[in-house]
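First up is the structure itself, then whatever we jot down about it.
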Amino acid sequence: MKLSLPQHIQLIVVNEAFQVVSVQGNVAPLIDSGLLEMLVESAEAGAIAPIEAPTDGAVDHSPGHLAPTAPGLSPEQLAAQLLGLEIYELFPELFGIDEILVEVAAGDRPEFNIKGIGRVTAHGSPIYFDIHITAHPSPTAEHYLIFFLEDVTDRMSLEQVLVQATNEKHLLIRNLEETKQQIDQIISAMSEMLLLVSEAGLIRMVNPATRHLLGYEAEELIGQPMSAILARRDAPSAPEPGHLLAAEEGEAVCQTKTGAILVIAFSRSRLTNTLTGQLGRAETVQDFLYVGRDVTEEKRRQRYQSVQHLITRIISESNIATQALSAVVRALCQEFDWQLGEFWLIDRTDVGSGNPSAHCIDHWLSPMLEISHDWKPVRCLRLNEDHSFLSQVWQATKAKWQQDLPDQAVPAGTLEIQNLNFKTGFGFPIKTGDQVLGILLFFKQASQLVSPDLLNLGESLGSQLGQYVERRKAEEALLLEQEKSERLLLNILPETIAHCLKRNARTIAEQFAAVTVLFADIVGFTEIASNLSAIELVELLNEIFSEFDQLTEIHGLEKIKTIGDSYMVVAGLPTPRADHAQAIANMALDMQLVMGRFNDRQKRDFQIRIGIHSGSVVAGVIGLKKFIYDLWGDTVNTASRMESHGIPGRIQTSAATYALLKNSYQFEHRGLVHIKGKGDMDTYFLLGHMP
């Protein structure tokens with residue numbers, strides 16, 4: 001559908017993908033020069049059939065600024081070639097405003113304008129145009145955007161005339177009124193703030209956009225210094241007294257008539273006027289033209305995103321949840337100028353009691369406040385017995401803001417804190433679902449209007465921190481269980497074997513060429529058991545074997561198992577060691593000492609029989625259930641026979657073990673002993689270390 005447009009306005013329609021679907025008018029001088037050159041080159045190469053000059057007297061209806069079109073291309077051919085291209089290729093100035101275009105297309109934003117885009121025509125003259133973007137009505141669900149391209153070269157020229165009016169007034173004196181009317185129309189139509197300020201810093205003129213944004217009437221601002229629109233906490237020094245900016249552009253924090261805070265991005269231009277006095281003297285007077293754009297929402301959005309990123313970084317770098325939350329309190333206080341911040345943890349063990357308690361885990365106090373260094377907050381409060389701001393947030397279970405706080409509103413408020421007269425409070429719960437885990441509170445002495453954006457940020461942070469706390473609790477619980485499992489596994493198996501099992505090794509068995517095996521047995525255990533209850537018997541065995549276990553740790557041995565009153569231990573595996581025989585010998589001697597001390601304590605006369613043999617074994621874990629690290633081989637059988645054929649209270653060793661120890665330990669030669677399944681074997685009794 002063709003629209004009837006003024007000659008100075010061209011039209012482009014794009015779809016949801018920002019692709020051109022329709023072009024109306026001659027847009028050649030307005031699109032990116034690089035793209036236009038590419039299209040012309042394609043035409044010269046024959047990719048596009050050139051159109052011959054009209055011979056029927058046709059007239060190019062484009063305005064003077066827009067003629068001529070691209071060499072070799074008619075507006076219709078150019079329009080056809082632009083179909084399907086992304087609008088960014090035509091106008092690179094649109095890069096980075098995707099979100100705004102989506103909002104306009106969806107109807108969430110009425111329109112969007114880009115002012116004063118400049119190009120140079122084929123004749124080398126400048127051309128300026130504005131882009132007005134609005135939603136295209138469509139009977140379908142698909143969204144379209146209309147880009148009105150308005151030639152504003154005249155308007156830009158007029159603005160330049162306005163800036164240079166003081167130097168060129170002798171050229172404009174004849175049409176001053178006409179120009180003034182045109183300028184007034186332009187200023188009135190501007191959506192940006194515009195203030196004309198004298199050299200002394202007094203406001204001389206404001207446009208309707210300024211009055212609308214700040215809420216003042218023109219009479220309330222004219223003649224006032226620039227400080228009249230500044231927020232009281234923002235008083236930048238400037239070279240010229242009373243001016244907003246020290247540079248030609250920048251941002252200033254302004255305050256509306258109602259007290260609302262706005263961030264305005266200003267640019268400043270100097271207007272120099274030459275006046276002739278009564279004596280004919282020429283005097284130069286400077287005015288300053290401020291053009292401002294409200295960037296409050298943009299800055300607030302950037303600030304809240306920055307805070308979100310800061311909080312995310314804090315919790316990602318913290319290993320302990322309480323430390324992370326304490327850091328969050330400090331960060332929010334410093335970012336939003338809160339003077340007191342508190343982190344309260346809800347006691348979840350008595351939440352269902354009807355009178356839950358809260359504990360102040362940490363607080364942050366501004367160093368600018370005058371308070372004693374030894375001040376400590378109240379640490380615990382009953383929420384249903386307290387009327388503080390903490391209880392209000394707990395009961396609301398959502399972010400809460402209170403202006404003009406009453407007395408006793410600060411929950412950690414000692415008398416010293418109450419005397420600080422905090423006026424504004426902000427707090428939000430840390431939640432998972434409907435469950436409140438903790439509460440963050442913030443206070444300041446200034447009375448501040450409610451900030452809906454900060455309330456929303458609090459709700460968002462409360463959920464984020466709640467998920468973090470629950471995740472950390474789960475991770476800590478899992479880590480604790482893993483540590484318990486690891487300790488239990490290492491209590492059952494050697495560390496190297498446990499690692500092999502965790503790697504899903506099917507069979508774990510290894511040959512060890514040089515080890516020493518010890519068997520020990522309590523003599524007469526059957527008779528002893530008949531005179532004791534089962535509980536007493538187990539307690540006695542546990543006491544003895546627990547001390548034996550401690551000896552294995554001291555001597556670096558590997559306990560294999562206990563069977564009834566029999567105790568088995570080995571040296572030289574799973575980590576081989578050259579002194580395996582010496583380690584077992586020391587263990588055996590210490591076991592005799594342990595039994596002696598036990599008998600003294602318990603008033604008993606237990607005796608232990610010990611047998612030792614050295615040789616090679618196979619060690620490992622077999623089967624699928626109830627893993628046990630065990631030994632196999634003739635060395636094990638021989639060591640067992642050394643014990644079973646020994647003498648109570650003595651340590652019997654084989655000749656193989658004797659050969660390894662004879663130079664360092666004292667022995668008594670027992671002689672040949674008939675060993676079941678082995679025949680006669682030469683054995684020795686270990687007595688102790690060499691003197």
May I have the step-by-step check of salt bridge (charged side-chain N to carboxylate O under 4.0 Å, His left out) for K400 and E459, ending in yes or no? CA-CA 9 Å; K400 187 174 179 62; E459 288 290 326; over 6 Å; no
I'd like to check the salt bridge (Lys or Arg N to Asp or Glu O under 4.0 Å) partners of [X]; sequence neighbours left out, ordered by chain and number.
X    : value
E317 : R313
E37  : none
E335 : R303
E220 : K257

Can you find a pair of side-chain heavy atoms, one from [X] and one from [Y], that are under 4.5 Å apart?
X    : Y    : value
F91  : F129 : yes
Q77  : Q81  : no
L454 : F336 : yes
L465 : K431 : no
L455 : F426 : yes
Q448 : W401 : yes
V21  : Y144 : yes
V14  : H136 : no

With a 3.5 Å cut-off and no angle check, do the side chains of [X] and [Y] form a donor-acceptor pair?
X    : Y    : result
T424 : Q402 : no
Q403 : S447 : yes
E470 : Y468 : no
S451 : D453 : no

Closest non-hydrogen atom pair between [X] and [Y], with its separation:
X    : Y    : answer
I314 : A324 : CG2-O, 3.7 Å
Y128 : G118 : CD2-CA, 3.8 Å
I97  : L94  : CG1-O, 3.0 Å
M193 : L195 : CE-CD1, 3.9 Å
A399 : P429 : N-CD, 3.8 Å
F18  : L145 : CE2-CD1, 4.1 Å

Below 30° counts as parallel, above 60° as perpendicular, anything between as tilted: where do the rings of F266 and Y290 land?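 Correct class here is perpendicular.
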Any chance you could measure [X], atom [atom1], to [Y], atom [atom2], to the nearest 0.5 Å?
X    : Y    : atom1 : atom2 : answer
I264 : I229 : CD1   : CD1   : 8.0 Å
I430 : Q464 : CD1   : CD    : 11.0 Å
E199 : R270 : CD    : CZ    : 8.5 Å
W364 : S326 : CH2   : OG    : 13.5 Å
F112 : I133 : CZ    : CD1   : 6.5 Å
L437 : Q467 : CG    : CD    : 11.0 Å

For F428 and I439, run side chain to side chain contact (heavy atoms under 4.5 Å, CB included): C-alpha distance rounded to whole Å, both residues' side-chain angles, the deciding distance at 0.1 Å, then the answer. CA-CA 6 Å; F428 61 86; I439 294 174; over 6 Å; no
Taking only distance into account, with no hydrogens and no angle test, what donor-acceptor pairs under 3.5 Å do side-chain atoms of residues 200-214 form with protein atoms, sequence neighbours excluded?
unit_1	atom_1	unit_2	atom_2	d
R204	NH1	D287	OD1	3.1
R204	NH1	D287	OD2	2.3
N207	OD1	L194	N	3.0
N207	OD1	T210	N	3.0
N207	OD1	T210	OG1	2.6
N207	ND2	E192	O	2.8
T210	OG1	L194	N	3.0
T210	OG1	L194	O	3.3

Can you tell me if [X] has over 12 outside heavy atoms packed within less than 6.0 Å of its [atom1]?
X    : atom1 : result
K115 : NZ    : yes
Q334 : CD    : yes
E99  : CD    : no

Evaluate V328 against L440 for side chain to side chain contact (heavy atoms under 4.5 Å, CB included), listing each step before the verdict. CA-CA 9 Å; V328 168; L440 300 188; 4.0 Å; yes
Using atom types as modelled and distance alone, determine if a side-chain donor or acceptor of [X] lies under 3.5 Å from a backbone N or O of [Y].
X    : Y    : answer
R119 : I31  : yes
T296 : V263 : yes
S157 : T153 : yes
T134 : E111 : no
D130 : H132 : no
S316 : T312 : yes

Derivation of the side chain to side chain contact (heavy atoms under 4.5 Å, CB included) call for L149 and I9: CA-CA 5 Å; L149 312 175; I9 295 179; over 6 Å; no
Result block: side-chain N/O donor-acceptor pairs under 3.5 angstrom for residues 82-89, not counting sequence neighbours:
unit_1	atom_1	unit_2	atom_2	d
Y88	OH	D98	OD2	3.0
E89	OE2	E86	N	3.2

Pair R268, V197 - check side chain to side chain contact (heavy atoms under 4.5 Å, CB included), show working. CA-CA 10 Å; R268 184 182 69 174; V197 181; over 6 Å; no
Salt bridge check: are E297 and R300 linked by an N-O gap of less than 4.0 Å?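 Yes, E297 and R300 are salt-bridged.
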Would K299 and E251 count as a salt bridge (charged side-chain N to carboxylate O under 4.0 Å, His left out) if you check the C-alpha gap in whole Å, the side-chain angles of each, and the deciding distance to 0.1 Å? CA-CA 10 Å; K299 288 295 179 180; E251 295 176 356; 3.0 Å; yes
